[in-house]
*Asks:* 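Let me give you the structure first, and then I'll get to my questions.
Start at 1 and go down the list; that is how both ligands and their atoms are numbered. We count residues from 1, following the sequence as given. Side-chain atoms are counted along with the backbone in the values below, which use heavy atoms only and exclude waters and symmetry mates.
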Amino acid sequence: MSKEVQVLDKMFKVSIPSEEIQQSIQRLAQQINSDLKGKEVIFIGILNGCFMFAGDLFKHIDLECQITFLKLASYQGTSSSGNVKRLIGINENIEGKTVVIIEDIIDTGNTLDSIIKQLKGYEPAEIKVATLLYKPDAYEKTIPIDYMAFKIPNDFIIGYGLDYDGFGRNLKDIYTIIP
Ligand code: IMP
Ligand code: MG
């Protein structure tokens, strides 16, 4: 029987073991290293979910590059749309650089779309996207995803940085909800 865990009121079972995650991340890093060699690269991790992925990925990056982290905050005041999010924490100059967005998971793609629109305002040379997980059946956008470790079904998952109501981020494997 596969490993199960309870987080708050829900049960989850292992769907991607830690070893598989690490192997895929190494492959992804090799791809990034060879594609972006010689470019002026800055990685931008989107908090909170990316922290484990960004850390493990960055250990295998051998480019001369920078990394920084940004967060999405809800707009204060009157906004009818509940999912308009402002990107906060931009201190580095990204103008003319190759930006690699590091995301934990791309679901509908709304978050990614909003991040890219905001980053474009800072005039980077190009924007690449690296995500640990991607749900193709939920994706509503056409933005190409340059680097992706796993395509997964449209089920709720936790672990390896991803949370259910703030919990479960510390699990080293990725778990899928048991309906
Ligand atoms: P999107 O804007 O629909 O692409 O959603 C992206 C964000 O939703 C991610 O950065 C996660 O924070 C969250 N998310 C989407 N799917 C899951 C999931 O299965 N587990 C935990 N968080 C998720
Ligand atoms: Mg996230």
*Asks:* Run the numbers for me: atoms of ligand 1, each under 4.0 Å from some heavy atom of Glu103, listed by number.
*Replies:*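 Those of ligand 1 that fall under 4.0 Å from Glu103 are 10 (O).
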*Asks:* Taking atom 17 (C) of ligand 1 as the point of reference, which of Lys85, Lys135, Lys141 owns the nearest heavy atom?
*Replies:*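 Selected option, by shortest heavy-atom distance: Lys135.
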*Asks:* So, regarding Thr111 and ligand 1 (criterion: nitrogen or oxygen to nitrogen or oxygen, under 3.5 Å), is there a contact or not?
*Replies:*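 The answer is yes, given that Thr111 and ligand 1 share an N or O pair closer than 3.5 Å.
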*Asks:* Which is closest to atom 5 (O) of ligand 1 in terms of heavy atoms, Asp107, Asn110, Asp165, Asp163?
*Replies:*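 Closest candidate by heavy-atom distance is Asp107.
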*Asks:* Using heavy-atom distances, let me know which of Thr108, Ile105, Ile174 sits nearest atom 9 (C) of ligand 1.
*Replies:*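 Shortest heavy-atom distance from atom 9 (C) of ligand 1: Ile105.
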*Asks:* Using a 4.0 Å cut-off to any heavy atom of Asp155, which atoms of ligand 1 qualify?
*Replies:*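 Heavy-atom distances to Asp155 below 4.0 Å select 19 (O).
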*Asks:* Got a sec, which hydrophobics cluster with Ile177, joining ILVMFWY side chains under 4.5 Å apart, including via others?
*Replies:*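 Hydrophobic cluster check, Ile177: joined to Val5, Val7, Leu8, Phe12, Val14, Phe156, Ile158, Tyr164, Phe167, Leu171, Tyr175.
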*Asks:* Tell me whether Ile157 has any N or O atom under 3.5 angstrom from an N or O of ligand 1.
*Replies:*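 In this structure, Ile157 places an N or O atom under 3.5 Å from an N or O of ligand 1.
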*Asks:* Checking the side chain of Asp113 only, and the main-chain atoms of Gly109 only, is there a donor and an acceptor separated by less than 3.5 Å?
*Replies:*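 Not at all, since once roles are kept as given, no pair shorter than 3.5 Å links the two residues.
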*Asks:* State whether a side-chain donor-acceptor pair under 3.5 Å links Tyr134 with Asp107.
*Replies:*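 Side chains of Tyr134 and Asp107: no pair found under 3.5 Å.
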*Asks:* Is there a polar contact between ligand 1 and Gly109, counting only N or O atoms under 3.5 Å apart?
*Replies:*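 Yes, since at least one N or O of Gly109 sits under 3.5 Å from an N or O of ligand 1.
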*Asks:* Of Ile152, Asp104, Leu112, Ile115, which has the heavy atom at the shortest distance from atom 10 (O) of ligand 1?
*Replies:*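 It is Asp104 that holds the nearest heavy atom.
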*Asks:* Strictly distance-based, threshold 3.5 Å: is any side-chain N or O of Gln66 a donor or acceptor partner for the main-chain N or O of Ile42?
*Replies:*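 Here the side-chain-to-backbone pair does not exist.
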*Asks:* Taking atom NZ as the centre, does Lys151 end up with more than 12 heavy-atom neighbours from other residues, nucleotides or ligands that are less than 6.0 angstrom away?
*Replies:*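 Counting neighbours around NZ of Lys151, 12 or fewer heavy atoms of other residues, nucleotides or ligands fall under 6.0 Å, so no.
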*Asks:* Which pair of heavy atoms, one from Phe53 and one from Ala130, lies closest together, and at what distance?
*Replies:*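 Shortest heavy-atom separation between Phe53 and Ala130 comes out as CE2-O, 4.0 Å.
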*Asks:* Would you call Glu126 and Lys39 a salt bridge, taking side-chain N to carboxylate O under 4.0 Å as the test?
*Replies:*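 Lys39 and Glu126: salt-bridged.
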